[in-house]
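Structure first, commentary second.
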Amino acid sequence: MTSSRYADILQRIQAGLDAARAVFARFKPGAIETEYKAGHDPVTEADRALDAVLRQNLLRAGEGWLSEETADDLSRLEKERVWIVDPLDGTREFVQGLPEFCVSIGFVENGKPVAGGIYNPATNQSFLGAIDAGVLLNGKPAAPSPRTSLAGALVLASRSEVKRGEWKQFESASFRIQAMGSVAYKLALVSAGLADVTFTLVPKHEWDVAAGAALVLSAGGFVCQPDASELRCNEQNPLLPGLLAGGPRLRDELLATIPHPLVAKSGQR
């Protein structure tokens, strides 16, 4: 990836993932003190420690910053290049000791996710990519699903959405559904062809999806919002109506299959 125009960005992302690896080593999933933010979202000391090391390794003068664990500085709206990160996506799973959490680093240029990195320490999977360089999974080239039909496809669903019964409408669908935590990790798996499709039934924040979207796009897959429009990031309100992603030949069938409107009015995650 040294020939990528984002080579410096990719080096910083890799440094951020390496720093996150060291932070994760200090904590034991399933055995960590947890606090709760407004809206009942959990937060831990690990979230805050990861946020600090990511900012140190990633941010340079002239760039914007948006993180779930940092107070939003709207000066980012004036920047062409912005980091959008979730220091610990899947905190609920981390707290419960489930291997479905990750650090998520997205880089956005003029509103478009162009590079990203995701690392899951529980599975020892590291994803890195840029739109002009493809995607690497643990240092080896990866590609999205080559499937041409949803029949038999593996679709990753939100564990919390499934628990609330929101995926019952797809019980008779031709595709297989697997519930999993961390939307960022689900997108990373899709980017590497380890799953065929993922989509959300409730709104998501930019920090949930920017890195994973960059990876899927870099690998050659599709990413869009529920109305089929292009994903745009670094908006004043970082809450997105939802996201669909998958292998490049599955987009049209998926859009024809899902209900409209797809996204519930609820802000639940």
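Numbering of residues begins at 1 and proceeds along the displayed sequence. Values reported hereafter were calculated over all heavy atoms of this structure, with side chains retained and with hydrogens, waters and symmetry mates removed.
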Would you mind writing out the side-chain donor-acceptor pairs for residues 238-253 within the sub-3.5 Å range, not counting sequence neighbours?
| residue | atom | partner | partner atom | Å |
| --- | --- | --- | --- | --- |
| Arg251 | NH2 | Ala228 | O | 3.1 |
| Glu253 | OE1 | Leu150 | N | 3.0 |

For this session: Examine Val162 and Phe199 and state if one hydrophobic cluster contains both, with Ile, Leu, Val, Met, Phe, Trp and Tyr joined whenever side-chain heavy atoms are less than 4.5 Å apart.
Result: yes

Seminar exercise, completed: Residues at least two apart in sequence or cross-chain that pass salt bridge (charged side-chain N to carboxylate O under 4.0 Å, His left out) with Arg147, listed by chain then number, are Asp196

For this session: Could you list all the salt bridge (charged side-chain N to carboxylate O under 4.0 Å, His left out) pairs where at least one residue sits in residues 219-233, not counting sequence neighbours?
Result: none

For this session: Would you indicate whether the side-chain heavy atoms of Ile118 and Ile105 approach each other to under 4.5 Å?
Result: no

For this session: Among residues two or more places apart or on two chains, list those pairs meeting ring pair (Phe, Tyr, Trp, His ring centres under 6.0 Å) that have a residue in residues 121-163.
Result: none

Problem set entry | Full working for side-chain contact (heavy atoms from CB on, under 4.5 Å) between Val155 and Thr198 | CA-CA 5 Å; Val155 177; Thr198 189; 5.7 Å; no

Seminar exercise, completed: Looking only at heavy atoms, the pair that brings Ala219 and Ser191 closest together is CB-O, 3.2 Å

For this session: Please check if the side chain of Ser218 supplies one atom and the backbone of Ala130 the other of a donor-acceptor pair under 3.5 Å.
Result: yes

For this session: Provide the closest heavy-atom pair for Gly220 versus Pro144 in the form atom of the first, atom of the second, distance.
Result: C-CG, 4.0 Å

Exercise. Could you give the distance from CZ (Phe101) to OG (Ser182), rounded to the nearest 0.5 Å?
Worked result: 9.5 Å

For this session: Only pairs at least two apart or in different chains count here, so list each salt bridge (charged side-chain N to carboxylate O under 4.0 Å, His left out) that has a residue in residues 183-194.
Result: none

Exercise. Leu194 versus Leu137: any side-chain heavy-atom pair under 4.5 Å?
Worked result: yes

Problem set entry | Presence of salt bridge, Arg55 and Asp51, under 4.0 angstrom | no

Exercise. Donor-acceptor pair, Asn138 side chain versus Ser126 backbone, under 3.5 Å?
Worked result: yes

Problem set entry | Validation row: Val103, Leu88 side chains within 4.5 angstrom (heavy atoms) | no

Seminar exercise, completed: The reported gap from CG in Asp8 to OG1 in Thr2 (rounded to nearest 0.5 angstrom) is 12.5 Å

For this session: Verify side-chain contact (heavy atoms from CB on, under 4.5 Å) between Val85 and Glu68, making sure each step is shown before the conclusion.
Result: CA-CA 7 Å; Val85 308; Glu68 182 175 15; over 6 Å; no

Problem set entry | salt bridge (charged side-chain N to carboxylate O under 4.0 Å, His left out) partners for Arg76, two or more places apart | Asp72

Exercise. Is a donor on one side and an acceptor on the other found under 3.5 Å between the side chain of Asn57 and the backbone of Ile13?
Worked result: no

For this session: Please check if Leu231 and Leu187 belong to a single hydrophobic cluster, counting links between Ile, Leu, Val, Met, Phe, Trp and Tyr side chain heavy atoms closer than 4.5 Å.
Result: yes

Exercise. Can you name the residues that form a salt bridge (charged side-chain N to carboxylate O under 4.0 Å, His left out) with Glu80, not counting sequence neighbours?
Worked result: none

Problem set entry | Side-chain heavy-atom pair Asn234, Leu66 within 4.5 angstrom cut-off | no

Exercise. Rounded to the nearest 0.5 Å, what separation is found between the NE2 atom of His205 and the CG atom of Asp89?
Worked result: 12.0 Å

Seminar exercise, completed: What one should report as the nearest heavy-atom pair of Ser149 and Ala153 is O-CB, 4.2 Å

Exercise. Can any side-chain N or O of Glu161 pair as donor or acceptor with the backbone N or O of Thr200 at less than 3.5 Å?
Worked result: no

Exercise. Are Tyr6 and Leu59 connected in the hydrophobic side-chain network, where two residues link if heavy atoms are under 4.5 Å apart?
Worked result: yes

For this session: Apply side-chain contact (heavy atoms from CB on, under 4.5 Å) to Val23 and list each qualifying residue two or more places apart in sequence or on a separate chain.
Result: Arg26, Phe27, Ala49, Leu50, Val53

For this session: Using the test side-chain contact (heavy atoms from CB on, under 4.5 Å), find all partners of Ala173 that sit at least two apart in sequence or belong to another chain.
Result: Phe170, Phe175

For this session: Starting at CD of Gln178, measure out to CG of Leu156 and round the result to the nearest 0.5 Å.
Result: 6.0 Å

Exercise. Do Leu215 and Trp207 belong to the same hydrophobic cluster, where Ile, Leu, Val, Met, Phe, Trp and Tyr are linked whenever their side-chain heavy atoms lie under 4.5 Å apart, directly or via other members?
Worked result: no

Exercise. Under a 4.5 Å cut-off applied to non-hydrogen side-chain atoms, are Ile84 and Val82 in contact?
Worked result: yes

Exercise. Are Cys224 and Leu255 side-chain neighbours, meaning at least one heavy-atom pair lies under 4.5 Å?
Worked result: yes

For this session: Would you check if Ser158 and Leu201 make a side-chain contact, meaning some heavy-atom pair closer than 4.5 Å?
Result: no

For this session: Please lay out, stage by stage, how Leu217 and Phe222 fare under the test side-chain contact (heavy atoms from CB on, under 4.5 Å).
Result: CA-CA 6 Å; Leu217 292 171; Phe222 82 87; 6.0 Å; no

For this session: Kindly indicate, with the supporting measurements, whether the criterion side chain to side chain donor-acceptor pair (under 3.5 Å) is fulfilled by Tyr185 and Gln125.
Result: CA-CA 10 Å; Tyr185 182 49; Gln125 291 171 304; 2.4 Å; yes

For this session: Find the distance between CE (Met1) and CD (Gln14) and round it off to the nearest 0.5 Å.
Result: 9.5 Å

Exercise. Run the side-chain contact (heavy atoms from CB on, under 4.5 Å) check on Trp167 and Ile177 step by step: do they pass?
Worked result: CA-CA 9 Å; Trp167 281 73; Ile177 298 171; 3.8 Å; yes

Exercise. Are any non-hydrogen side-chain atoms of Tyr119 and Asn124 less than 4.5 angstrom apart?
Worked result: yes

For this session: Could you please spell out the steps behind the side chain to side chain donor-acceptor pair (under 3.5 Å) verdict for Thr91 and Asp47?
Result: CA-CA 8 Å; Thr91 302; Asp47 293 78; 3.0 Å; yes

Problem set entry | Nearest atoms (heavy-atom pairs only) where Val223 meets Ala213 | CG2-O, 3.9 Å

Seminar exercise, completed: Smallest heavy-atom separation, Cys102 atom then Ala184 atom, equals SG-CB, 3.7 Å

Problem set entry | Side-chain donor-acceptor pair present, Ser67, Glu69, cut-off under 3.5 Å | no

Seminar exercise, completed: So the ring pair (Phe, Tyr, Trp, His ring centres under 6.0 Å) pairs with at least one residue in residues 62-91 (sequence neighbours excluded) are Trp83-Phe107

For this session: Could you list all the salt bridge (charged side-chain N to carboxylate O under 4.0 Å, His left out) pairs where at least one residue sits in residues 94-115, not counting sequence neighbours?
Result: Arg5-Glu109, Arg81-Glu109, Glu100-Arg159

Problem set entry | Connected via hydrophobic side-chain network under 4.5 Å: Met180 and Val95 | no

Exercise. Can you list every pair that meets side-chain hydrogen bond (donor to acceptor under 3.5 Å, both in side chains) and has a residue in residues 128-137, with sequence neighbours left out?
Worked result: Ser4-Asp132

